[in-house]
Protein chains: 2
Amino acid sequence: MAVRLEKNPAVSKQALRRMPAYLLYLEALNPTTVVSISATTIANELGLNEVQVRKDLAAASLSGGRPRTGFKVKELIRDIKSYLGYDDVYNAVIIGTGKLGQALLSYQGFAEYGLDIVAAFDTNPELIGQQFNRKPVYPPEKMPEICRSLKIQIGIITVPAEYAQDACDHLTESGIQAIWNFAPVLLTAPPEIIVQNENMAISLAILSQHLSVKLKKQH
Amino acid sequence: MAVRLEKNPAVSKQALRRMPAYLLYLEALNPTTVVSISATTIANELGLNEVQVRKDLAAASLSGGRPRTGFKVKELIRDIKSYLGYDDVYNAVIIGTGKLGQALLSYQGFAEYGLDIVAAFDTNPELIGQQFNRKPVYPPEKMPEICRSLKIQIGIITVPAEYAQDACDHLTESGIQAIWNFAPVLLTAPPEIIVQNENMAISLAILSQHLSVKLKKQH
DNA sequence: TTATAATCAGTAAATTAATATCGATATTTA
DNA sequence: TAAATATCGATATTAATTTACTGATTATAA
Ligand SMILES: NC(=O)c1ccc[n+]([C@@H]2O[C@H](COP(=O)([O-])OP(=O)(O)OC[C@H]3O[C@@H](n4cnc5c(N)ncnc54)[C@H](O)[C@@H]3O)[C@@H](O)[C@H]2O)c1
Ligand SMILES: NC(=O)c1ccc[n+]([C@@H]2O[C@H](COP(=O)([O-])OP(=O)(O)OC[C@H]3O[C@@H](n4cnc5c(N)ncnc54)[C@H](O)[C@@H]3O)[C@@H](O)[C@H]2O)c1
């Protein structure tokens, strides 16, 4: 057998970013017809280098693959999810129940990733007391009390840019551990708070750059 | 003067991802009080290495910085925007005018990045004919006609996952150049079509991983 | 049963990215 | 006006990531 000496090799940041794509690909396979899959096949399908895929999978997979057949699809899905921390369920609240906040509140898909959005906050009196996807909207004053009693770990910021730092401070004081920020602002937070920005400008910048190159070529 | 031999050094993918953060930082400065800024200052504020920042800025800046004072803030903002292609205005349509689609349609911020969303599509008869942020919703059958007449370059996919490939095919046939995909699906598109995924799972995976490490430490 | 081929895991090499160092050059200050 | 210093651009070094290579292993087919 191809024995795995090193059980879980170094965590690469780039590999971490590729994992969700593997997961999407694997979950789209028909589990009754495709039981095993090789790194080679995945690499070809996703347009990646096969050694890279094999290394990435080795980092996440507990049991490893076997020569000639590859990895058990079901096991691999389970292992990648566990590797990404989707097994651990975290409680979250949303600050800013506007267009984007409501979309996120209503989205069912986050459960898949272990994110449980349990409540929302807003300053708008018309929103307070309403429910979206059975999740209640509270006034911001209630944040410390609710975050502590519901053991909230993650705060999701979807307020207008000018209020985002405020929301961040408020969340920090409410004892949360991490912030997922959708506002186009660089937040200042204590070092122990994890801040992850969902910056659509990055995506757009990459798209825009590629497009600009492409259109210049066509000329 | 510190002459710049190499006018615009190699484009690094990682640098491209950092550019929007520089832009956010620079735009938050008060232009009347802060006229020039050094790479050192930016690096300290953003928690990055100063040489890295200097290299990144050198790649985007046309005129370069000067010893002792640094870069002119206004010029630098202009140069980074141009480097990222935010100057070129692209027309876009949204496929799927649900919660997320409506949020994106209503968002004013994209104009800043040169993205002009001009119309939306949906299969839901109740949505067809409505307007969001003055942008009309059409039935998908009109896609080829509208995309060609309005010279649409970008299609934004916000339909449920199971219809995303359909939407992608439809957009491709309608002559668009690039797709910005929000559905959790790996799309198959002709090689000449640029596909950029906005995969919130990546963000969440990184957050989840950090959080898991952090909470284990606290234990 | 034995040869063949696909695939794995591990190691080595190459590429890319990040950081350190150095001489040049403006601005500030003595 | 001269010295001190912050900052630049460039080059060198180090680290991270990707890609290539090698030998072992297992399913398949001769
Ligand atoms: N809509 C999008 O597609 C989109 C895309 C990218 C980024 N963003 C960013 O997400 C944020 C929200 O965007 P949106 O379109 O949902 O805006 P929105 O105006 O629809 O919603 C903002 C909500 O925040 C509430 N709010 C304001 N101050 C608050 C406070 N201090 N505490 C709690 N709630 C407060 C408002 O009452 C409102 O309901 C913005 O920062 C925006 O830049 C939005
Ligand atoms: N809502 C979120 O916060 C969120 C977050 C991440 C990803 N996403 C993804 O974005 C997509 C949209 O999410 P949503 O919450 O807005 O869903 P939604 O159900 O609110 O909206 C989907 C819309 O697409 C329309 N539609 C269905 N088939 C169509 C077709 N063939 N052509 C045109 N329109 C069609 C529907 O009528 C509906 O209006 C999904 O793929 C979802 O996984 C959503």
Side-chain angles (χ1 to χ4, degrees), chain A residues 1-19 21-22 26 34-73 75-76 79-80 83 202 206 209, chain B residues 1-19 21-22 26 34-73 75-76 79-80 83 202 206 209:
Chain A
M1 198 188 72
V3 184
R4 282 152 46 82
L5 297 181
E6 215 178 334
K7 254 299 160 66
N8 275 51
V11 185
S12 142
K13 283 177 196 172
Q14 304 305 314
L16 195 58
R17 301 184 58 86
R18 287 187 293 269
M19 292 292 175
Y22 298 140
L26 293 170
V34 187
V35 175
S36 292
I37 194 153
S38 72
T40 318
T41 307
I42 298 177
N44 290 338
E45 292 284 329
L46 300 185
L48 298 172
N49 178 284
E50 64 163 307
V51 181
Q52 182 174 68
V53 174
R54 198 169 293 126
K55 283 194 117 184
D56 288 352
L57 299 187
S61 168
L62 295 178
S63 48
R66 20 191 317 140
R68 196 74 204 232
T69 52
F71 297 78
K72 294 263 174 67
V73 176
E75 273 183 25
L76 193 51
D79 289 350
I80 294 177
Y83 180 81
I202 293 178
I206 296 170
Q209 248 254 347
Chain B
M1 198 187 72
V3 184
R4 282 152 45 84
L5 297 181
E6 214 179 334
K7 253 298 160 68
N8 275 50
V11 185
S12 143
K13 283 179 195 171
Q14 304 305 312
L16 196 57
R17 301 184 58 85
R18 287 187 291 269
M19 292 292 175
Y22 299 140
L26 294 170
V34 188
V35 175
S36 291
I37 194 153
S38 72
T40 318
T41 308
I42 299 177
N44 291 338
E45 292 285 329
L46 267 44
L48 299 171
N49 178 282
E50 65 163 309
V51 180
Q52 182 174 69
V53 173
R54 198 169 294 126
K55 282 193 117 184
D56 290 351
L57 298 187
S61 170
L62 295 179
S63 48
R66 24 193 311 142
R68 193 77 202 228
T69 52
F71 296 78
K72 294 263 176 65
V73 176
E75 273 184 25
L76 193 52
D79 290 350
I80 293 177
Y83 180 81
I202 293 177
I206 296 169
Q209 247 252 348

Using a heavy-atom cut-off of 4.0 Å across all strands, would you classify A:Arg18 as base, sugar-phosphate, or nothing? sugar-phosphate
Name the nucleic acid region contacted by A:Ala39, choosing base, sugar-phosphate or nothing; use a 4.0 angstrom heavy-atom cut-off, strictly under. sugar-phosphate
Point-to-point distance, once rounded to the nearest 0.5 Å, from [atom1] of [X] to [atom2] of [Y]:
{"X": "B:Arg18", "Y": "B:Lys55", "atom1": "CZ", "atom2": "NZ", "answer": "10.0 Å"}
{"X": "A:Ser61", "Y": "A:Asp79", "atom1": "OG", "atom2": "CG", "answer": "5.0 Å"}
{"X": "B:Leu16", "Y": "B:Asp56", "atom1": "CG", "atom2": "CG", "answer": "10.0 Å"}

How many whole angstroms separate atom [atom1] of [X] from atom [atom2] of [N]?
{"X": "A:Lys55", "N": "C:dA9", "atom1": "NZ", "atom2": "P", "value": "12 Å"}
{"X": "B:Arg54", "N": "C:dA24", "atom1": "CZ", "atom2": "P", "value": "17 Å"}
{"X": "A:Lys13", "N": "D:dT18", "atom1": "NZ", "atom2": "C1'", "value": "16 Å"}
{"X": "B:Asn49", "N": "C:dA17", "atom1": "CG", "atom2": "C1'", "value": "11 Å"}
{"X": "A:Gln52", "N": "C:dT7", "atom1": "CD", "atom2": "P", "value": "18 Å"}
{"X": "B:Ile37", "N": "C:dT27", "atom1": "CD1", "atom2": "C1'", "value": "17 Å"}
{"X": "B:Lys72", "N": "D:dC8", "atom1": "NZ", "atom2": "C1'", "value": "15 Å"}
{"X": "B:Glu50", "N": "C:dT21", "atom1": "CD", "atom2": "C1'", "value": "11 Å"}

On the side chain of A:Arg68, is there an atom forming a donor-acceptor pair with the base of C:dA5 - under 3.5 Å, no angle test? yes
Counting side-chain heavy atoms from CB outward, which of [options] is closest to [X]?
{"X": "B:Thr69", "options": "C:dT27, C:dA18, D:dT26", "value": "C:dT27"}
{"X": "B:Thr40", "options": "D:dC8, C:dA9, D:dT18", "value": "D:dC8"}
{"X": "B:Phe71", "options": "C:dA12, D:dG9, C:dA17", "value": "D:dG9"}
{"X": "B:Val51", "options": "D:dG9, C:dC8, C:dT19", "value": "C:dT19"}

So which heavy atom on A:Met19 is nearest to which on A:Tyr83, and how close? CE-CE2, 3.8 Å
Please confirm whether the shortest side-chain N or O distance from A:Ser38 to OP1 or OP2 of C:dT7 is below 4.0 Å. yes
With respect to the phosphate group of C:dC8, does any side-chain polar atom (N or O) of A:Arg66 fall under 4.0 Å of OP1 or OP2? no
By nearest-nucleotide position on DNA chain D, the 5'-leaning member of A:Asp56 and B:Thr41 is B:Thr41
Could you check whether any side-chain heavy atom of B:Ile42 comes within less than 4.5 Å of a side-chain heavy atom of B:Leu26, counting everything from C-beta outward? yes
